[in-house]
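The sequence lines fix the lettering, A, B, ..., with proteins before strands; numbering per chain opens at 1.
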Protein chains: 2
Amino acid sequence: MTAASVGTKTRILDAAEKLFAQNGFEATSLRDITAEAQVNLAAVNYHFQSKESLIGAVIVRRLEPVNRRRLAMLDAAGPAPTLEQIVEAFIAPVLEAEMPNVAPLIGRVFSNPAEFAVRVFKEELAPVARRFDEAFAAAVPGIPPDERFWRMHFMAGAMTHMLALWDVIPMLAPMPVQPGDRRELVQRMVRFLAAGFRAPIMEAKD
Amino acid sequence: MTAASVGTKTRILDAAEKLFAQNGFEATSLRDITAEAQVNLAAVNYHFQSKESLIGAVIVRRLEPVNRRRLAMLDAAGPAPTLEQIVEAFIAPVLEAEMPNVAPLIGRVFSNPAEFAVRVFKEELAPVARRFDEAFAAAVPGIPPDERFWRMHFMAGAMTHMLALWDVIPMLAPMPVQPGDRRELVQRMVRFLAAGFRAPIMEAKD
DNA sequence: GTCTATAACCGGATAGAC
DNA sequence: GTCTATCCGGTTATAGAC
C-alpha cells in the first residue's frame with residue numbers, strides 16, 4: 001500500500017461493506033467484491049483468510065465506533081439519565097449511522113442468524129448491553145432482570161426491523177418517507193419504547 | 001401421488017419449509033431439499049417451476065392460516081376490542097405457530113428483504129394490516145395515521161426479532177428459557193407494546 | 001409423473017510466478 | 001503484496017428415457 005492511495009485492504013473492506021449492506025452476506029460473492037473494489041480476487045484471501053473472517057472484519061470496523069458513540073451519549077446524559085435518554089443513546093447512534101452502508105449492515109446481522117456472525121456481533125455488543133442494562137435498572141426500578149432482558153430485546157427488535165426494512169418502507173408507507181425523517185423516527189421510537197419500558201410488570205404467573 | 005401416501009409435492013413443501021426455517025432461503029439448495037424429502041431433484045422443477053416460486057409456495061401455505069387465525073382472534077374480541085386484545089391477536093398466532101418450522105420461517109422473510117419474498121409476504125399481509133390499523137384507530141383515538149403506521153412497525157419488529165432469534169436467545173439470556181415460555185412471552189410483549197401504543201404523541205415538530 | 005444424466009455455470013480457495 | 005491460472009465442488013435447470 002502506498003502512502004498516497006487507499007490501500008487494497010481498505011478498498012476491499014469498503015466494497016464488501018457496500019455489497020453486504022445492499023444484498024446480504026450470502027448473496028455477495030468474493031468475485032462481486034473484488035470487481036467492485038477493482039482488486040484481484042486472490043487479494044481477499046491474502047488479506048483476510050476467508051470470506052467468513054472478511055465478514056467479521058467488516059462488521060467490527062463499523063460496529064465499534066457506533067458502540068463507542070452509544071456509551072458516550074449515555075455518559076453525556078449524566079449520572080442519572082432519564083429513561084428517554086437511555087433509549088435514545090441506545091438507538092440513535094445506530095439509526096443515524098451512515099445510511100447507505102452502516103445501518104443496513106447492522107440490520108443484516110441480526111436478521112441473518114448465521115452462527116458466526118451472531119457470535120462476532122455478540123462479542124462486540126456484550127459490554128455495551130451490560131452498561132445499558134444497569135442504566136435501565138436504575139432508571140426504571142422495580143423491573144426484574146428477566147423482564148428487563150426481554151424488554152431490551154423488544155427495543156432491539158423494533159430498531160433492527162427499521163434497519164433491515166428501511167429501503168422497503170417507502171413502498172409500504174401510506175405517506176412519503178424521506179431520508180431526512182430519521183431524527184424524527186428516533187423521537188417516535190423513543191416515546192414508544194420508553195412507554196413500553198414503563199409498562200406495569202406481570203403479576204406472578206397463573 | 002397415491003391416495004395412501006403423502007404426495008411428492010407435499011413432501012417437497014414440508015422439507016423445504018423445515019430447511020428454509022433452519023438455514024434460510026439462500027443457504028438451502030434444492031439438493032438439500034430433495035435429499036430431505038427423499039424425492040428426485042427434477043421433481044422440484046416439475047412441480048414448482050423454480051426455486052423462487054417454491055419459496056413463495058412455502059410461505060403462502062403457512063402464512064395464510066396464521067393470518068386467518070389473527071383475524072378470527074380479532075373478531076372474537078367483539079366489536080370494540082381493547083388495545084391489549086388487538087395486540088395479542090396480531091402477535092399470538094405468529095409466535096405460537098409451530099415453532100420448529102412456521103414461526104422461524106416467517107421471521108426469515110422480513111429479515112431477508114429479498115425483493116420477491118417481501119412482495120409475496122406483503123400481498124398476503126396487506127388486507128390483514130388494514131383491518132388491524134382500523135382496530136388500532138378505534139381503540140386508541142387521537143393517534144394520527146402516520147404515527148399508527150410507525151407504531152405498527154415497531155410492534156412487527158419486536159415480533160419478528162423474537163422469531164428470527166428464538167433459537168439464539170437461550171445463549172444470550174441470563175436465565176434459562178424454555179420452549180413452554182412462549183405464552184408468557186406473548187403476555188410480556190402485549191404489555192410492553194400496548195403501553196407503547198398509548199404513549200403520548202409528539203407535539204408538532206420543532 | 002418420476003427418474004437418470006448432464007448441461008452450463010458460479011462459488012471459495014490456493015499454488016506458484018513475478 | 002499482487003498477479004494468473006486452476007482446482008474442485010456445488011448450483012439451478014433441463015433433455016430425454018421410462
Charged N to carboxylate O under 4.0 angstrom, [X] versus [Y]?
X	Y	result
B:R182	B:E96	no
A:D75	A:R131	yes
A:K18	A:D32	no

Check [X] against [Y] and note the closest heavy-atom contact, atom names and distance.
X	Y	result
B:L30	B:N45	CD1-ND2, 4.4 Å
B:A21	B:N101	CB-O, 3.4 Å
B:I12	B:I33	O-CG2, 4.0 Å

>> Given a 3.5 Å cut-off on both pairing distances, which stems involving DNA chain C, each at least three consecutive Watson-Crick or G-U pairs, are present, if any?
In response: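 If one scans DNA chain C for consecutive Watson-Crick or G-U pairs, the stems found are C:1-10 with D:9-18, C:12-18 with D:1-7.
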> Can you tell me how far C1' in C:dC10 sits from the matching atom in D:dT6, rounded to whole Å?
Replying inline: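 Each nucleotide's C1' atom is 14 Å from the other's.
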> Within the structure, does a side-chain N or O atom of A:S29 lie under 4.0 Å from either OP1 or OP2 of C:dG11?
Replying inline: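 A:S29 to C:dG11 OP1/OP2: side-chain N or O found under 4.0 Å.
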> At under 4.0 Å, does any side-chain N or O of A:T8 touch on OP1 or OP2 of D:dG1?
Replying inline: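 False: A:T8 side-chain N/O out of range (4.0 Å or more) of D:dG1 OP1/OP2.
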>> Can you measure A:R11 atom CZ to D:dG1 atom P for me and round it to whole angstrom units?
In response: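 The answer, rounded to whole Å, is 14 Å.
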>> Just the rounded figure in Å: distance from P of C:dG11 to CD1 of A:I55.
In response: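 Checked: the CD1 to P distance equals 14 Å.
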> Counting heavy atoms not belonging to A:E98, are there more than 12 under 6.0 Å from its CD?
Replying inline: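 No, not enclosed.
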>> Tell me whether the count of non-hydrogen atoms from other residues, nucleotides or ligands lying under 6.0 Å of CZ in B:R69 goes above 12.
In response: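 Open.
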> For nucleotides 13-18 of chain D, read 5' to 3', which letter fits each nucleotide if B means a protein heavy atom sits under 4.0 Å from the base, S means only the sugar-phosphate is that close, and - means neither?
Replying inline: BB----
